[in-house]
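Owing to the predicted nature of the structure, the values given are computational and were not obtained by experimental measurement.
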Amino acid sequence: MMKRHFFFSGIGGAGMTPLAELLLARQCQVTGSDEIAGANTEKLRKMGAEILIGHAAANLPEKVDVFVYSSAVPEENPERREAAKRHIPQLRRGEFLAEFAENYRRVAAVSGSHGKSSTSAMLSHILRRANLHPGVMIGAKVYGAPDAENGLGDDIFVCEADESDGTHTRLSPYLGIVPNVDGDHAWSVGGEEKLQENFRTFARKSQHLISGDSPLCRKLFADHPDVRFIPPVAGDFAGFLGFQAIDAQLAVEGAKFFGVKEDFAIQSLADFGGVERRMHIAARQNDVTIVEDYAHHPVEVAASIEWMRKKFPGAHLELIFQPHRYARLERYFDDFVNVLSTADSVIVTDVFAAWSESGARGGKELAEKIPGAIYGGGNFSEIAATAKKNPARPLVIAVIGAGSVNQTLDGLLFS
């Protein structure tokens with residue numbers, strides 16, 4: 001695989017950028033395109049990738065060995081059509097990840113409905129502290145993680161394995177970690193039964209398996225020859241609360257498979273810098289705190305609210321929530337209403353319409369069902385201004401969602 005020319009269509013995506021980084025670290029030639037320029041494309045450009053803005057057949061260089069595409073890039077995309085015309089091998093991001101992972105002897109793959117990035121990041125941090133030099137593929141920025149030298153070895157590789165398109169079934173990990181299994185993304189793989197069967201396949205192909213301890217996980221994985229179900233600890237764990245404590249438990253348990261002592265693993269997490277948009281405290285001034293989180297499923301939003309109630313007891317909790325995808329909002333509409341209603345105040349934005357979809361109900365309809373909620377539309381500057389007018393103190397303003405809602409931070413952060 002190495003020392004070849006790779007073309008990435010949708011190279012700025014959260015799961016595509018770190019894969020391109022790994023190839024660049026190995027001195028491969030990488031060319032890629034995306035609809036718009038951003039921080040990820042600029043970072044890759046500085047690392048040596050050729051970046052093209054916009055999708056066009058002419059973007060493909062004369063010689064391309066492998067064409068890698070994001071699941072958001074449809075078959076009729078001009079670059080994919082050109083690759084097909086020229087008989088260039090095409091791989092979805094997750095399929096290419098599975099091929100790349102074959103460069104390592106021991107792969108730790110984290111695949112679950114929630115918590116993949118945080119669990120992977122914590123495990124990677126522990127292994128680095130133990131001087132095991134893992135290769136790492138995480139679809140989010142990890143604060144304090146080094147970019148240089150990533151992935152140049154051939155022993156341990158830690159990665160997220162995406163269940164949303166079923167490509168996690170392509171991996172054959174030394175260690176599989178499944179924090180949880182929920183119905184999210186069932187619509188994109190053929191229904192809940194198919195989603196669960198995919199998780200069972202991922203588990204069967206894992207030599208060792210660590211799983212969260214839920215009734216569904218036990219049902220799906222009980223017959224695995226080497227499975228450890230990890231029940232959630234009461235209270236905190238390694239300084240983490242709520243769902244982050246569960247992620248930390250799984251990471252510590254995973255590190256033990258690579259010879260790391262439990263006490264050392266727990267101590268290593270003391271200086272873990274966290275993951276971007278995963279319960280990240282963006283700013284604090286006097287009695288106002290700004291928090292951002294990637295939660296976009298009702299279970300995740302509930303866990304985020306629970307975490308903030310524990311972290312900031314007695315504070316007024318104001319959510320700025322962006323629904324992510326019309327399909328998800330429609331599927332879980334009532335659940336979103338119930339969960340968001342537990343916050344003290346809520347501002348709902350327009351839906352982040354991934355893959356240019358549309359739907360019958362959007363942010364306005366969601367806001368109308370939540371007592372006292374405000375519909376903020378799509379102007380993030382105005383939404384930030386509205387949130388800052390809240391007179392409650394102490395006040396926690398939480399920016400919640402996996403789409404573009406983080407743009408409200410520009411107007412929220414203190415000058």
Side-chain angles (χ1 to χ4, degrees), residues 5-24 29-61 64 66-86 88-97 117 137-141 160 162 164-165 167 185 188 276-277 292 294 296 322-329 349-359 362-363 377-381 399 401-410:
H5 193 162
F6 299 86
F7 186 93
F8 278 62
S9 186
I11 196 168
M16 296 281 276
T17 295
L19 268 177
E21 290 178 20
L22 288 165
L23 292 173
L24 290 166
Q29 190 173 358
V30 176
T31 303
S33 66
D34 215 309
E35 291 184 349
I36 58 173
N40 283 346
T41 55
E42 182 59 25
K43 179 181 181 182
L44 291 171
R45 193 191 305 275
K46 290 179 178 179
M47 292 179 66
E50 180 184 358
I51 303 297
L52 302 155
I53 301 305
H55 294 288
N59 287 344
L60 271 68
V64 175
V66 180
F67 182 101
V68 184
Y69 63 95
S70 162
S71 292
V73 177
E75 188 174 0
E76 61 269 19
N77 176 276
E79 293 164 352
R80 288 192 61 187
R81 293 175 66 178
E82 177 67 12
K85 178 181 175 181
R86 290 163 52 179
I88 300 169
Q90 295 189 49
L91 293 171
R92 284 183 294 174
R93 184 203 65 83
E95 294 167 339
F96 179 71
L97 171 64
S117 296
M137 204 301 294
I138 296 172
K141 178 182 178 180
E160 293 185 58
D162 190 6
S164 69
D165 58 6
T167 53
H185 294 298
S188 63
E276 185 177 42
R277 300 181 73 178
E292 58 172 336
Y294 205 65
H296 51 284
Q322 182 183 49
H324 188 271
R325 299 194 61 179
Y326 284 98
R328 183 179 287 108
L329 178 60
T349 79
D350 286 333
V351 175
F352 182 81
W355 304 348
S356 302
E357 61 173 349
S358 60
N379 189 313
F380 295 121
S381 295
V399 179
S404 55
V405 69
N406 60 325
Q407 295 178 27
T408 57
L409 291 174
D410 293 336

Q) Where do Val405 and Arg277 land on the side-chain contact (heavy atoms from CB on, under 4.5 Å) test, with the steps shown first? A) CA-CA 11 Å; Val405 69; Arg277 300 181 73 178; 3.9 Å; yes
Q. Which pair of non-hydrogen atoms, one from Ala72 and one from Pro74, has the smallest distance, and what is that distance?
A.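 Ala72 and Pro74 have their closest heavy atoms at O-CD, 3.4 Å.
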**Q.** Trace of the ring-ring contact (aromatic ring centres under 6.0 Å, His included) decision for Tyr294 with His296
**A.** CA-CA 6 Å; Tyr294 205 65; His296 51 284; 5.5 Å; yes
Q. In Å and rounded to the nearest 0.5 Å, what is the CG to OG1 distance from Asp34 to Thr17?
A. 7.5 Å
Q: Could you label the plane-to-plane angle of the Phe8 and Phe96 rings as parallel, tilted or perpendicular, counting under 30° as parallel and over 60° as perpendicular?
A: perpendicular
Q.
How long is the straight-line distance from CD of Gln322 back to OG1 of Thr408, given to the nearest 0.5 Å?
A.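 CD of Gln322 is found 9.0 Å from OG1 of Thr408.
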Q: With side-chain contact (heavy atoms from CB on, under 4.5 Å) as the test, would you mind laying out the steps for Leu60 and Ile88 before giving the verdict?
A: CA-CA 10 Å; Leu60 271 68; Ile88 300 169; 3.9 Å; yes
Q | Straight-line distance of Met16 CE to Leu97 CG, nearest 0.5 Å | A | 11.5 Å
Q. Between Pro18 and Gly13, what is the shortest heavy-atom contact and its length?
A.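 Reported closest heavy-atom pair: CD-O, 4.4 Å.
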Q. Does Glu42 CD have over 12 foreign heavy atoms under 6.0 Å away?
A.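 Counting neighbours around CD of Glu42, more than 12 heavy atoms of other residues, nucleotides or ligands fall under 6.0 Å, so yes.
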Q | Partners meeting side chain to side chain donor-acceptor pair (under 3.5 Å) with Ser9 (sequence neighbours left out) | A |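 With neighbours one apart ignored, the set is Glu79.
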Q.
Could you report the tightest heavy-atom contact between Ser117 and Ala140, atom names first, then the distance?
A.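 Scanning both residues, the minimum pair turns out to be OG-CB, 4.2 Å.
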Q: For Arg81, look at atom CZ and say whether over 12 heavy atoms of other residues, nucleotides or ligands are found less than 6.0 Å away.
A: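 Not buried by this count: 12 neighbours or fewer within 6.0 Å.
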Q) What closest approach, in Å, do Ser33 and His55 show between heavy atoms, and which atom pair accounts for it? A)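 Looking at all heavy atoms of both residues, the closest pair is OG-ND1, 3.2 Å.
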Q. side-chain contact (heavy atoms from CB on, under 4.5 Å) with Val30: which of Leu24, Ile51, Leu44?
A. Leu24
Q: Give, for atom OG1 of Thr349 and atom NE2 of His324, the distance between the pair rounded to the nearest 0.5 Å.
A: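 Interatomic distance, Thr349 OG1 to His324 NE2, rounded to 0.5 Å: 11.0 Å.
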Q.
Please evaluate residues Tyr69 and Arg93 with respect to the criterion side-chain contact (heavy atoms from CB on, under 4.5 Å), reporting the C-alpha separation (whole Å), side-chain torsions for both, the decisive distance (0.1 Å), and the verdict.
A. CA-CA 6 Å; Tyr69 63 95; Arg93 184 203 65 83; over 6 Å; no
Q.
Can you confirm whether Arg328 sits close enough to Pro323 that some side-chain heavy atom of one is under 4.5 Å from a side-chain heavy atom of the other?
A. no
Q | Shortest non-hydrogen contact from Phe7 toward Pro61 | A |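 Shortest heavy-atom separation between Phe7 and Pro61 comes out as CD1-CD, 3.8 Å.
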Q) Okay, side chain of Arg80, backbone of Val73: is any donor-acceptor separation there less than 3.5 Å? A) yes
**Q.** Chi angles and distances behind the side-chain contact (heavy atoms from CB on, under 4.5 Å) call for Leu19, Phe6
**A.** CA-CA 11 Å; Leu19 268 177; Phe6 299 86; over 6 Å; no
Q.
Here's a test for you: under side-chain contact (heavy atoms from CB on, under 4.5 Å), which of Val68, Leu52, Thr41, Asn40 qualifies with Ile11?
A.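 Only one of Val68, Leu52, Thr41, Asn40 forms a side-chain contact (heavy atoms from CB on, under 4.5 Å) with Ile11, namely Thr41.
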Q) Counting only N and O atoms by type, is there a donor-acceptor contact under 3.5 Å from the side chain of Gln90 to the main-chain atoms of Ala83? A) no
Q: Please check if any side-chain donor atom of Ser71 sits under 3.5 Å from a side-chain acceptor atom of Asp165, or the reverse.
A: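 Side-chain D/A pair, Ser71 to Asp165: present.
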Q: Quick one: pull up CG in Asp350 and CZ in Phe380 and give me the separation to the nearest 0.5 Å.
A: 8.0 Å
